[in-house]
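Please read the structure below before turning to the comments.
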Amino acid sequence: MFKNIKAPSLNTALKASTVAGLAAAVFATGIPLEITRSYAEAVKVQAPSVPSFANVVDAVSPAVVSVRVENRVNPVADDEGNGFAFDFNGRGFDDLPDALKPFFRQFGEQGPQGQQGRRGPQGHHGPQDGKGRLRPVAQGSGFFISEDGYIVTNNHVVSDGAAFVAVMNDGTELDAKLIGKDPRTDLAVLKVDGKGRKFTYVNWADDNGVRVGDWVVAVGNPFGLGGTVTAGIVSARGRDIGSGPYDDYLQVDAAVNRGNSGGPTFNLNGEVVGINTAIFSPSGGNVGIAFAIPASTAKDVVADLMKDGQVSRGYLGVQIQPVTKDIADSLGLSEASGALVVSAQAGTPGEKAGMKAGDVVTAVNGETVKDARDLSRRIGAMTPGKKVELSVWRAGKAQSLTVELGTLPAEQKDASADDGDQAPESQAPASEKALADLGLTVGPSEDGKGLQITGIDPNSDAADKGIKEGEKITSVNNQEVSNADDVVKVLNQAKKDGRTRALFQIQSKEGSRFVALPINGQG
């Protein structure tokens, strides 16, 4: 009779085998064994080598300062804003998100270094006099450009200030005085007295070598926080953002915010390639589009401000506009480049040299002029009194004019057309039809010079080009016109010359401009 015997499990057999084996090893060697448990290692990834900005930051940070701007304000109630005295480009404490108010309340009461700032009772700043107290009204950034204490910043940072304080990266506060400012390029220079101290300063880069895609590092004072470093690349060059006639900005994607204005953007050699001056932001915060004044522009302006406290620019005294493809076709130019002269103001260097409305400036001293902005920058960068040679395109031919530059006035207005006393003439029906083909209905002007536009066909090229009822035609293809017959004669001649467009000079309350229109509907 057989008995049921329960077989040992596999685990039991293995354990028994292992114990037996260990016991055999101990008995065989006479050496006790130490049994340890093994664990998996922590995750570790060998990252690819990437550039670090730490060396650049260590070198340049002592040269970058926060700029605090103060002005006199009338005394106000003691409980205003919980002592918050900083202005973020027109936004105050109450405009901040609720989550940020506790931080900025403490920041406003204690100052950026956590120490009691130079504030009077109830959070008021500075002494009181009949004109009110000095209070911080703006904050920006800047940087030393010389060892004896000259600081570069933006004009818009300091323009409303009565007193200025430069805060260094170690917390040292130094009073600064305004040496000069230039609204046209939005640059300003301050000076601190270091009492014999030599400051760490930075040099300008050759921004002609800056390429789109190059790394840059921005150092500044965003939102009054001080000593903040961000990095990115150069996104574009030669940006025109409509801030003035000398727009030629670098666009960078480093995080730049309110308070970064006036601060430097460095290359990886620690040289200044640009001065942060503007951001594009629907929300008011960083969206990765910032604009910096290039070093090539800032270098000369800053040198003039340090020397004379102001900038003297060359001056032609002509109103100009870009050359579009249509305008180039109407003038017989092979390409749409250069600057079209709308008018030359009486008594100015340009008028004295013989410049006329309808001239296209194609080169200055033999160097090609790309567009109207390029001409403005070239002339503005030159010294008043210098003689320059202008290449112009006039009446289908290239000519050369020599101009002795004047000094750009502080406030320069666009020239307007002179009034005349020529009597109006009758309009022939055939001439009226020719103008109607262009989408224009005209009549005699009140002063007898030019043609008053009395109607516009909304479906015409004239309407598409922005010509409006009430404006005046003063010339066609640079020939003065006083009646419709004059216009038709010019148009017929243009057809004989193989032109498909004619250049109309339009006068309005805003000034004069040129518009190219197709002849007989030809596009």
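All values reported here derive from a predicted model rather than from experimental measurement.
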Review point. If only atom types and distance count, is the side chain of N267 paired as donor or acceptor with the main-chain N or O of N269 below 3.5 Å?
Key: yes
Exercise for review: Can you see which heavy atom on R513 is nearest to which on S508, and at what distance?
Suggested key: NH1-OG, 4.0 Å
Review point. Do you know which of L438, T474, L451 makes side-chain contact (heavy atoms from CB on, under 4.5 Å) with F504?
Key: L438
Review point. Does some side-chain heavy atom of E70 sit less than 4.5 Å from a side-chain heavy atom of F164?
Key: no
Report all side-chain donor-acceptor pairs from residues 226-237 shorter than 3.5 Å, counting only partners two or more places apart or in another chain.
unit_1	atom_1	unit_2	atom_2	d
T228	OG1	G226	O	3.2
T230	OG1	A255	O	2.9
R237	NH1	D207	O	2.6
R237	NH1	V210	O	2.6
R237	NH2	D207	O	3.4

**Study point:** Test item: N477 side-chain N/O and Q479 main-chain N/O as donor-acceptor pair under 3.5 Å
**Key:** no
Exercise for review: Establish, from distance only, whether the side-chain atoms of E389 and T402 form a donor-acceptor pair under 3.5 Å.
Suggested key: no
Review point. Would a 4.5 Å heavy-atom cut-off, applied to side chains only, mark I473 and I506 as touching?
Key: yes
**Study point:** Between CE on residue M168 and CD on residue E173, distance to nearest 0.5 Å
**Key:** 12.0 Å
Check your understanding: Do M306 and I145 have side-chain heavy atoms sitting under 4.5 Å apart?
Key -> yes
Practice item. Supply the atom-to-atom distance D329 CG to T500 OG1, rounded to the nearest 0.5 angstrom. Key: 5.5 Å
Point to revise | Donor-acceptor under 3.5 Å (D214 side chain, R211 main chain) | key: yes
**Study point:** Closest contact, heavy atoms only, T277 versus H156
**Key:** O-CE1, 3.3 Å
Practice item. Can you establish whether the number of heavy atoms outside Y201 located under 6.0 Å from its atom OH is more than 12? Key: no
Exercise for review: Would you please test V388 and L405 for side-chain contact (heavy atoms from CB on, under 4.5 Å) and show each step?
Suggested key: CA-CA 7 Å; V388 298; L405 300 179; 4.0 Å; yes
Check your understanding: For A328 and E335, which heavy atoms make the closest approach, and how far apart are they?
Key -> CB-O, 3.7 Å
Exercise for review: Tell me, yes or no, whether the heavy-atom count around D160 atom CG, taken from other residues, nucleotides or ligands under 6.0 Å, exceeds 12.
Suggested key: no
Practice item. Would you mind telling me which of V311, N155, I293 makes a side-chain contact (heavy atoms from CB on, under 4.5 Å) with L187? Key: I293
Review point. Checking R501 side chain against D326 main chain: does a donor-acceptor pair fall under 3.5 Å?
Key: no
**Study point:** Polar side-chain atom of D359 near backbone of M355 as donor-acceptor pair, under 3.5 Å
**Key:** no
Check your understanding: Going through the distances and angles, do T200 and F144 end up as a side-chain contact (heavy atoms from CB on, under 4.5 Å)?
Key -> CA-CA 7 Å; T200 300; F144 286 109; over 6 Å; no
Check your understanding: Is there side-chain contact between L331 and L503, with heavy atoms separated by less than 4.5 Å?
Key -> yes
Check your understanding: Is the number of heavy atoms from other residues, nucleotides or ligands under 6.0 Å of K370 NZ greater than 12?
Key -> no
Point to revise | Derivation and outcome, side-chain contact (heavy atoms from CB on, under 4.5 Å), residues V364 and L390 | key: CA-CA 5 Å; V364 176; L390 301 180; 3.7 Å; yes
Review point. Looking at CG of D186 and NZ of K181, how far apart are the two atoms once the value is rounded to the nearest 0.5 Å?
Key: 11.0 Å
Check your understanding: Judged by atom type as modelled, is there a donor-acceptor pair below 3.5 Å linking the side chain of R378 to the main-chain atoms of V369?
Key -> no
Practice item. Indicate the atoms forming the closest heavy-atom contact of P349 with G406, along with that distance. Key: CG-N, 3.4 Å
Review point. Is the closest side-chain heavy-atom distance between V189 and I151 below 4.5 Å?
Key: no
Revision key, fill the gap. What one should report as the nearest heavy-atom pair of F266 and V273 is C-CG2, 4.4 Å
Practice item. For N260 and S141, test the side chains for any donor-to-acceptor distance below 3.5 angstrom and give the result as yes or no. Key: no
Check your understanding: Do I519 and K495 pass the side-chain contact (heavy atoms from CB on, under 4.5 Å) test, and can you show the C-alpha distance, the side-chain angles, and the key distance before you say yes or no?
Key -> CA-CA 8 Å; I519 301 173; K495 293 176 186 177; 3.0 Å; yes
Point to revise | Smallest separation among heavy atoms of D461 and P518, with atom names | key: OD2-CG, 3.5 Å
Exercise for review: Indicate yes or no: at least one non-hydrogen side-chain atom of V158 is less than 4.5 angstrom from one of T153.
Suggested key: yes
Check your understanding: Is the closest side-chain heavy-atom distance between K468 and I453 below 4.5 Å?
Key -> no
Practice item. Nearest 0.5 Å please: distance from the NZ atom of K472 over to the CD atom of Q452. Key: 6.5 Å
**Study point:** Side-chain donor-acceptor contact under 3.5 Å, D170 with T172
**Key:** yes
Review point. Quick one: CD1 on I379 to CG on L316, what's the gap to the nearest 0.5 Å?
Key: 4.5 Å
Review point. Do T362 side-chain atoms and G338 backbone N/O form a donor-acceptor pair below 3.5 Å?
Key: no
Point to revise | N286 side-chain N/O to G288 backbone N/O, donor-acceptor pair under 3.5 Å | key: yes
Review point. So W204 and F143, would you call those rings parallel, tilted or perpendicular, with 30° and 60° as cut-offs?
Key: perpendicular
Point to revise | Donor-acceptor contact below 3.5 Å, side chain Q505 vs main chain V476 | key: no
Point to revise | Over 12 non-hydrogen atoms of neighbours within 6.0 angstrom of NZ in K191 | key: yes
**Study point:** Spacing of OG belonging to S146 relative to NZ belonging to K198, to within rounding of 0.5 Å
**Key:** 12.0 Å
Point to revise | Close side-chain approach of V69 and V157, heavy atoms under 4.5 Å | key: yes
Practice item. Let me see the working for R373 and D240 under salt bridge (charged side-chain N to carboxylate O under 4.0 Å, His left out), right down to the final yes or no. Key: CA-CA 9 Å; R373 286 194 301 127; D240 178 5; 3.3 Å; yes
Practice item. State whether a side-chain donor-acceptor pair under 3.5 Å links Q139 with R68. Key: no
Check your understanding: Of T383, D304, D182, T407, which meets side-chain hydrogen bond (donor to acceptor under 3.5 Å, both in side chains) against R313?
Key -> D182
Check your understanding: Okay, side chain of N483, backbone of D486: is any donor-acceptor separation there less than 3.5 Å?
Key -> yes
